[in-house]
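I have placed the structure first, in the form of structure tokens, so that the comments after it can refer back to it.
Numbers here are sequence positions counted from 1. Atoms within a ligand are numbered from 1 in the order they appear, just like the ligands themselves. Note that this is a predicted model, so its numbers are computed, not measured.
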Amino acid sequence: NVARAPGSCIPDDEKGYKLDLFCVPKHYEEDLDQVIIPHGLIMDRTERLARDIVRDMGGHHIVALCVLKGGYTFFADLLDYIKALNQNSDKSVPLTVDFIRLKSYCNDQSTNIVKVIGGDELSTLTGKNVLIVEDIVETGRTMETLLSLLSECNPKMVKVVSLLVKRTPRSSGYRPDYIGFEVPDSFLVGYALDYNEYFRDLSHICILNENAKEKYKV
Ligand code: IMP
Ligand code: MG
């Protein structure tokens, strides 16, 4: 069952890679402990997610809904891979895009309130096959909120792809339909994942150290 498909599992004791094995912006060198998912590995996993999604949803027009801001890099790369499949096979699926902005985080804590702060009217999604593209699911509250908002507009089908899912006791039990990687319960940054808006300009997914949590605190 694809809906319960596991992501590629990164264990809790994963050592990752030393920062100086890869290229990391100089302004972040002091803030990170190790690279946990190198950019190249993210791309390889994303290529396969694109194939799985097209296999399951490829019969009909897909509206890809990007959850901003954290989802934007993954969204762009995933869509590039779906476009490549469309361009290079006998079957292809029309793809349109939509954006929604949600906010639930302050410092490294998920707040109980999930705010929709912009994006198109969700009513344009009525009757459509919607693919929600998210960066990371932690408690699952953000996605559950979005799914319930969306269901009021009666889309024909809704699937969720999240690059990351955190293994955490704070989880509501919610699991996306497609998962890139299952990750340990640490605060992760890079590849558009941020800490108070910093670290989106970092290609690899890294663990933020305790010093940096203080340094960029708001
Ligand atoms: P949830 O509602 O607890 O599932 O949290 C989901 C949202 O919190 C994601 O869309 C992210 O924006 C943010 N988030 C959760 N964990 C992390 C993290 O480790 N790094 C950066 N953002 C995170
Ligand atoms: Mg997000």
- Item | Polar side chain donor-acceptor pair, Tyr198 to Asp31, under 3.5 angstrom |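 Absent: no donor and acceptor within the cut-off.
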- Does an N or O from Phe187, backbone or side chain, lie closer than 3.5 Å to an N or O of ligand 1?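 N/O-N/O distance below 3.5 Å does not exist for this pair.
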- Message: Does ligand 1 come near enough to Gly140 that some N or O of the ligand is less than 3.5 Å from an N or O of the residue?
- Response: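 Yes; at least one N/O pair falls below 3.5 Å.
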- Query: Are the side chains of Leu164 and Leu193 in touch, meaning some heavy atoms are under 4.5 Å apart?
  - Reply: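 Heavy-atom side-chain distance check passes, below 4.5 Å.
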- Kindly indicate whether the side chain of Val97, heavy atoms from C-beta on, has any atom under 4.5 Å from the side chain of Cys66.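 No, too far: nothing below the 4.5 Å cut-off.
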Enumerate donor-acceptor pairs with a distance under 3.5 Å from any side-chain N or O in residues 32-43 to protein atoms, sequence neighbours excluded.
| unit_1 | atom_1 | unit_2 | atom_2 | d |
| --- | --- | --- | --- | --- |
| Gln34 | NE2 | Lys15 | O | 2.9 |

Can you list the atoms of ligand 1 that are under 4.0 Å from a heavy atom of [X]?
| X | answer |
| --- | --- |
| Ser186 | 19 (O) |
| Thr142 | 1 (P), 2 (O), 5 (O), 6 (C), 7 (C) |
| Thr139 | 1 (P), 2 (O), 3 (O), 4 (O) |
| Arg141 | 2 (O), 4 (O) |

Of the backbone atoms (N, CA, C, O) and the side-chain heavy atoms from C-beta on, which set of [X] has a member under 4.0 Å from an atom of ligand 1: side chain, backbone, both, or neither?
| X | answer |
| --- | --- |
| Asp194 | backbone |
| Leu193 | side chain |
| Glu134 | side chain |
| Met143 | neither |

- Message: Going by the rule ring-ring contact (aromatic ring centres under 6.0 Å, His included), which residues pair with Phe22 if we only count those two or more places apart in sequence or in a different chain?
- Response: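 ring-ring contact (aromatic ring centres under 6.0 Å, His included) check on Phe22 returns Tyr17, His204.
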- Of Val63, Asp98, Asn154, which meets side-chain contact (heavy atoms from CB on, under 4.5 Å) against Lys128?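 The passing option is Val63.
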- Test applied, side-chain contact (heavy atoms from CB on, under 4.5 Å); reference residue, Ile53; option that passes from Val161, Val133, Val93, Asp177: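 One option only clears the test, and that one is Val161.
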- Lys166 to ligand 1, any heavy atom closer than 4.0 Å: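 Distance cut 4.0 Å: Lys166 passes for ligand 1.
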- Message: For the backbone of Phe74 and the side chain of Asp135, can you confirm whether one donor and one acceptor N or O come within less than 3.5 Å of each other?
- Response: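 It does not hold such a pair.
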